[in-house]
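Comments concern the structure below.
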Protein chains: 2
Amino acid sequence: MLVSRSGDAYHHGSLKPALEDAAFELLRTTGHTDLSLREIARTAGVSHNAPYHHFGDRTALLKRLSERSMSELLDALLAAQASADPEQSARAHLVALGTAYVRYAAEYPERFRVIYDPAVCVPGAPSAEMAPLISAVEKILMHATKAISPSVSDTTLVALTTGVWGAVHGLAELVIAGHITPKQAEPALVALFDPSRI
Amino acid sequence: MLVSRSGDAYHHGSLKPALEDAAFELLRTTGHTDLSLREIARTAGVSHNAPYHHFGDRTALLKRLSERSMSELLDALLAAQASADPEQSARAHLVALGTAYVRYAAEYPERFRVIYDPAVCVPGAPSAEMAPLISAVEKILMHATKAISPSVSDTTLVALTTGVWGAVHGLAELVIAGHITPKQAEPALVALFDPSRI
DNA sequence: TCCAGAATCTGGACACTGCCCACATGCGTC
DNA sequence: GACGCATGTGGGCAGTGTCCAGATTCTGGA
C-alpha cells in the first residue's frame, strides 16, 4: 500500500524503506559507527525526528542494516555455490566459497563490519530475521566441509565447520584491517584446506 | 623526570600516562567507540581540554591504546609459548597458541577490537610502535606453523601461516561476536590443524 | 638571579549528535 | 463527517570533539 510521494506531501508514504535505503547506501563509504540518524534523515529529506517513528532508536536501524548486509553476504555465497564447476574438487569448492566471503568483506567492509558488531546484534540472541541467515551460512559451509571430509564423525564435522568459518571470517577481517591483501587470502585458503600439506 | 603531584598542582606532571592508564582501564568494559575524551579527562581529574596537549586528537589516543593492547596480546602468545610442554606435539603447540589468542580476545574484547579497527590503525601503515608487535605475532605463528609442516616451500609456509592467523583471528572474532563460545573454538582449532582429518 | 618563551592547563564556545517533548497533519475507520 | 492514531514537524537538553584565548608553571639562557 505504497502511497506515491508526489510533490511535497506531508506524509512520505514509504519512509521506512527510504531511510533504510539511504542508510544502506551511506554504508558503502561510511562506517556504521559514524552513521548519524540526522544525516540519514537529511538524505531522505525529512526532519531529524521522523526516523524515530519507524525505528525505536539508532541501534534498531543498525540492526536492520546488519540483516540486509548478512542477506547480501549470503547471496554472495549462494552465487559462488551456484556457479561451481561440477568437475571441480570439493576443496576447490570450499576455496571458492571462502574467496566469495572474503571478496564481499573487501568490497563492502562497512556492511560486513556491521554484521558482526556485538553492539548492534546482541551476541547470542540474533533477531528473528538474522537467525535464519546465520543458519544458512553455516549450512553452506558445513555442506562444503563435509564434501572434503565425508567420513568424519558428526561432532568432528561441526568442529571442522566452525574452524572453516573462523578461517574464512578471520581472513576477511585481516583484509579489512589492512594486514593482508585479498590476493594473499586465496592462497592462504588453498594451503589451509589442503590436507596433504604435511 | 616525573614531578610528583602533591596537592592540587596546576601541572599534573605525568598526565599523558595517567590518561592512557585511565583510558586503558575504561577499555575493560567500554568499547573504544564509546570512549569519550571528556570522560577520560574527568577520570584523570583534569579539564576536558588537557588531553589535547598530549594527544593531537581522539584517534591519537586510540592508536596508543591499540598499541598497548597488541603488546598485551603478544605477551599472551609469548606466555603460551614459554609454558609449552617440550613433549607436546607441534600441533598441540599451535593449538595452544591459538587458544591463547582466542582467550585474550574473549577476556578483553574491547581491547582486542581496538587493535584491528581500521579507523584507528590506518590499514597498511602501522605506527612505528605497532609494526614490530605485528611482526612478532606473525613470527610466532610462522614458527609454530613450520613445526607442523617442516618440509613445505617458503611461499607455501607464508600462505599457510596467513591461513593459521586468519583461522585463529576469525575464531576470536566469532567468539566476541557471540556466534560461538570459547569452548567451541578449541576443538575447531584441533580439527582444523589436524592434517589427518581426511 | 631574573626573565622571556615554551609547555601545560583552564574555561568558553561552536557545531554536531541521540533522544525526549509538545504540537501539526492527514489517513483510515466507524 | 468526525474521531483516533500513525506519521510528520520544530524546539530543547545533555553529551561529544575540537578550536580559541587566556592563565599558570616550568625551563634555559643572560
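Computed over heavy atoms, backbone and side chain alike; hydrogens, waters and symmetry mates excluded. By convention in this document, chain letters (A, B, ...) are assigned in the order of the sequence lines, proteins followed by strands, and residues within each chain are numbered from 1.
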Separation of D:dT16 atom C1' from B:Leu62 atom CG, nearest Å, is 14 Å
With sequence neighbours left out, write down each residue that passes ring pair (Phe, Tyr, Trp, His ring centres under 6.0 Å) with B:Tyr108, or none if nothing qualifies.
B:Tyr104
Looking only at side-chain N and O atoms, does B:Ser66 offer a donor or acceptor that is under 3.5 Å from a partner on B:Ser69?
no
Does A:His54 make a side-chain N or O approach to OP1 or OP2 of D:dG8 shorter than 4.0 Å?
yes
Taking N or O atoms only and anything under 3.5 Å, show me the protein contacts with nucleotides 19-21 of chain D, one pair per line.
| unit_1 | atom_1 | unit_2 | atom_2 | d |
| --- | --- | --- | --- | --- |
| D:dC19 | N4 | B:Asn49 | OD1 | 2.7 |
| D:dC19 | N4 | B:Asn49 | ND2 | 2.9 |

Contacts satisfying side-chain hydrogen bond (donor to acceptor under 3.5 Å, both in side chains) that involve residues 39-51 of chain A (not counting sequence neighbours) are none
Would you kindly give the CG-to-P distance between A:Leu19 and D:dG8, to the nearest whole Å?
8 Å
Of the candidates D:dG8, C:dT17, C:dC9, the side chain of A:Arg42 sits closest to C:dT17
Rounded to whole Å, the CG-P distance (A:Asp34 to D:dT16) equals 17 Å
With sugar-phosphate meaning primed atoms plus P, OP1 and OP2, does A:Ser36 contact a base, only sugar-phosphate, or nothing at under 4.0 Å between heavy atoms?
sugar-phosphate
Looking for any heavy atom pair under 4.0 Å, which part of the strands does A:Arg58 touch: base, sugar-phosphate only, or nothing?
sugar-phosphate
Is B:Leu61 touching bases, backbone alone, or none of the nucleic acid, heavy atoms closer than 4.0 Å?
nothing
Report the residues that fulfil salt bridge (charged side-chain N to carboxylate O under 4.0 Å, His left out) with A:Glu25, sequence neighbours left out, ordered by chain and then residue number.
A:Arg28
Atom pair OH (A:Tyr116) and CG (A:Leu73), whose distance is rounded to the nearest 0.5 Å:
5.5 Å
Flag, side chain of B:Ser89 to backbone of B:Ala92, donor-acceptor distance under 3.5 Å:
yes
Qualifying residues under side chain to side chain contact (heavy atoms under 4.5 Å, CB included), relative to A:Asp85, sequence neighbours excluded:
A:Glu87, A:Gln88
Nearest-nucleotide 5' precedence on DNA chain D, A:Ala50 against A:Arg38:
A:Ala50
No-hydrogen, no-angle side-chain donor-acceptor test under 3.5 Å, A:Glu67 and A:Ser127:
yes
Between CZ of B:Phe55 and P of D:dT18 the distance, given in whole Å, is 13 Å
Check DNA chain C against residues 20-32 of chain B and give the residues with a non-hydrogen atom under 4.0 Å, in numerical order.
none
May I ask you to establish whether A:Arg111 and A:Phe24 are in a cation-pi arrangement, using a distance under 6.0 Å from NZ or CZ to the six-membered ring centre and at most 45° from the ring axis?
yes
